[in-house]
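Notes for the one structure printed next.
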Amino acid sequence: MRSSVFITGATSGFGEACARRFAAAGWALVLTGRRAERLQALADELGAQTEVLALVLDVRDRDAMQQAIEQLPPAFNTLRGLINNAGLALGTTPAQQCSLDDWDTMVDTNIKGLLYSTRLLLPRLIAHGAGAGIVNLGSIAGNWPYPGSHVYGASKAFVRQFSLSLRCDLQGTGVRVTNLEPGLCESEFSQVRFAGDQARYDALYTGAQAIQPADIAETIFWLLNQPAHININSLELMPVSQSWSNFAIERAQGT
Ligand code: NDP
Ligand code: 8X3
């Protein structure tokens, strides 16, 4: 039987690249996202290579997630992989100027959406047993604060701690969990974060040689193909062009 993987947020960026990488290796795919046309186009394209099920889903919609997952066809009764990828950042303005709606959206997507897919799919991963694995998309923002990271960074810190905690409960099931923590990557992520401001997007990426979605897909493919007795707990990666900076110090005027 084919190995199968469930990917949230497969309509662009890392999720789409993962769909292509795993399809090329013959894995059966469940692809999800909100943008129906993109999702269907990808499913039609990859359907020539492998079994693909496209589910138009908003990860924040708990009832819809539950219904869709309960109705998965028998080919997905066991799952070898879950890639909890759907997520977003909104804005970089200081916390004191942010919209509570944006904060709600990040919490509902990055935290609650990830919890729904994890809890609802765990029985199918456990039914697969040894060799199964979850890859959660954390971020360097969950490890290192920077101005404007507030709720986005905090949501990814939640994902990191949840990933590590899950390992304790899954001990004995064979199911692995990895928190993947990328730094600067080039995708629609920053178009979403900057609300389509192309000048800000260009300023961030020009000359930076950012990590590309295909690089992340290759890393995730490697993670989910480790020998069954190995768990990579967390993996942080950055482009070579990115590193840490000094601490900010506010100085009193006139001293
Ligand atoms: P993209 O914006 O390219 O992709 C995000 C994906 O998430 C899209 O497929 C989008 O699909 C989906 N998505 C967003 N909200 C929802 C929702 N409510 N329900 C279902 N799907 C949703 O970004 P990336 O590929 O770069 O990001 C993927 C993940 O990686 C995110 O969790 C992000 O936080 C994380 N990450 C990104 C980094 C970067 O620099 N790019 C670095 C570190 C981590 P649709 O809009 O169709 O629903
Ligand atoms: C995205 C990476 O550095 O923009 O998670 O927060 S960063």
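Everything quoted here is computed from the prediction, not taken from an experiment. As the structure lists them, so they are numbered: ligands from 1, and atoms in each ligand from 1. Numbers for residues simply follow the sequence, beginning at 1.
Under a 3.5 Å cut-off, the side chain of Asn143 and the backbone N or O of Ile140 do not form any donor-acceptor pair. Formation of a donor-acceptor pair under 3.5 Å by the Ser190 side chain with backbone atoms of Glu186 is not found in this model. The backbone N or O of Tyr116 sits nowhere less than 3.5 Å from a side-chain atom of Arg62 that would complete a donor-acceptor pair. With hydrogens and angles disregarded, no donor-acceptor distance shorter than 3.5 Å links the side chain of Glu250 to the backbone of Ala248. A donor-acceptor contact shorter than 3.5 Å links the side chain of Lys156 to the backbone of Leu137. Without hydrogens or angle criteria, Arg124 side chain to Phe76 main chain gives a donor-acceptor distance under 3.5 Å.
When the shell of 6.0 Å around CD of Gln97 is examined, it contains more than 12 heavy atoms from other residues, nucleotides or ligands.
Looking at Lys156 against ligand 1, only its side chain comes within 4.0 Å, counting heavy atoms. Only side-chain heavy atoms of Thr109 come within less than 4.0 Å of ligand 1; its backbone N, CA, C and O stay farther off.
Applying side chain to side chain donor-acceptor pair (under 3.5 Å) to Ser117 and the options Asn136, Asn84, Thr8 leaves one that passes, Asn84.
Close to ligand 1: Gly138, with a non-hydrogen atom less than 4.0 angstrom away. The shortest heavy-atom distance from Ser190 to ligand 1 is not under 4.0 Å.
Applying the 4.0 Å criterion to heavy atoms of Pro182 picks out, from ligand 1, the atoms 42 (C), 43 (C), 44 (C). Residue contact check: Leu57 has heavy atoms under 4.0 Å from atoms 19 (N), 20 (C) of ligand 1. Of all the atoms in ligand 1, the ones that sit under 4.0 Å from a non-hydrogen atom of Gly13 are 3 (O), 25 (O). Residue contact check: Arg60 has heavy atoms under 4.0 Å from atoms 18 (N) of ligand 1. Near Arg35, with a cut-off below 4.0 Å to any heavy atom, the atoms of ligand 1 are 8 (C), 10 (C), 11 (O), 45 (P), 46 (O), 47 (O). Using a 4.0 Å cut-off to heavy atoms of Glu188, the atoms of ligand 1 that qualify are 2 (O), 3 (O). Residue-ligand proximity, Cys185 to ligand 1, at heavy-atom distances under 4.0 Å covers atoms 39 (C), 40 (O), 41 (N). Which parts of ligand 1 touch Ala10 is read off a 4.0 Å heavy-atom cut-off, strictly below it: atoms 9 (O).
Considering only non-hydrogen protein atoms, atom 18 (N) of ligand 1 sits nearest to Asp58 OD1, 2.9 Å. For atom 4 (O) of ligand 1, the closest non-hydrogen atom of the protein is Ser12 OG, 3.1 Å. Nearest non-hydrogen protein atom to atom 2 (O) of ligand 1 is Phe189 N, 3.3 Å. The protein heavy-atom contact nearest to atom 12 (C) of ligand 1 is Gly9 CA, 3.6 Å. The closest protein non-hydrogen atom to atom 5 (C) of ligand 1 is Gly87 O, 3.8 Å. Nearest protein heavy-atom contact of atom 19 (N) of ligand 1 is Val59 N, 2.9 Å. Closest to atom 34 (O) of ligand 1 among all protein heavy atoms lies Tyr152 OH, 2.7 Å. Scanning all protein heavy atoms for the shortest distance to atom 25 (O) of ligand 1 gives Phe14 N, 2.8 Å.
The shortest N/O to N/O separation between Arg34 and ligand 1 falls below 3.5 Å. For ligand 1, none of its N or O atoms has an N or O atom of Leu88 under 3.5 Å away. Taking only nitrogen or oxygen atoms, main chain and side chain alike, Ser139 does not reach within less than 3.5 Å of ligand 1.
Ring pair Trp27/Phe22 is perpendicular by interplanar angle, where above 60° counts as perpendicular and below 30° as parallel. Relative orientation of the Tyr205 and Tyr201 rings is tilted, given thresholds of 30° and 60° on the angle between their planes.
Looking at Ile220 and Ile216, their side chains come closer than 4.5 Å, going by heavy atoms from C-beta outward. Counting heavy atoms from C-beta outward, Leu224 and Arg80 have side chains that stay 4.5 Å or more apart. Residues Leu31 and Leu53 fail the side-chain proximity criterion, which asks for heavy atoms closer than 4.5 Å. By the 4.5 Å heavy-atom criterion applied to side chains, Leu166 and Val175 are not counted as neighbours. For the pair Tyr152/Ser139, a side-chain contact is recorded, criterion being any heavy-atom separation below 4.5 Å from C-beta on. Looking only at side-chain heavy atoms (C-beta outward), Val177 and Val135 stay at 4.5 Å or farther from each other.
Salt-bridge formation is not detected for the pair Glu16/Arg35: no Lys NZ or Arg NE/NH1/NH2 atom is positioned less than 4.0 Å from an Asp or Glu carboxylate oxygen.
Of the listed options Leu137, Thr8, Asn85, Asn85 places a heavy atom closest to atom 31 (C) of ligand 1. Of the listed residues (Ala210, Ser187, Gly183), the one carrying the non-hydrogen atom nearest atom 42 (C) of ligand 1 is Gly183. Proximity annotation for atom 45 (P) of ligand 1: of Leu31, Asp61, Thr11, Thr11 comes nearest, heavy atoms only. The residue among Ala217, Ala86, Ala19 with a heavy atom at the shortest distance from atom 13 (N) of ligand 1 is Ala86.
For the atom pair CE (Met238) and OG (Ser243), the distance works out to 7.5 Å, reported to the nearest 0.5 Å.
The aromatic ring centres of Phe194 and Phe189 sit 6.0 Å or more apart.
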One line per pair, note the atom names and distance for all nitrogen or oxygen contacts under 3.5 Å between ligand 2 and the protein.
| from | atom 1 | to | atom 2 | distance (Å) |
| --- | --- | --- | --- | --- |
| ligand 2 | 4 (O) | Arg193 | NH1 | 3.3 |
| ligand 2 | 5 (O) | Ser139 | OG | 2.5 |
| ligand 2 | 5 (O) | Tyr152 | OH | 2.6 |
| ligand 2 | 6 (O) | Tyr146 | OH | 2.5 |

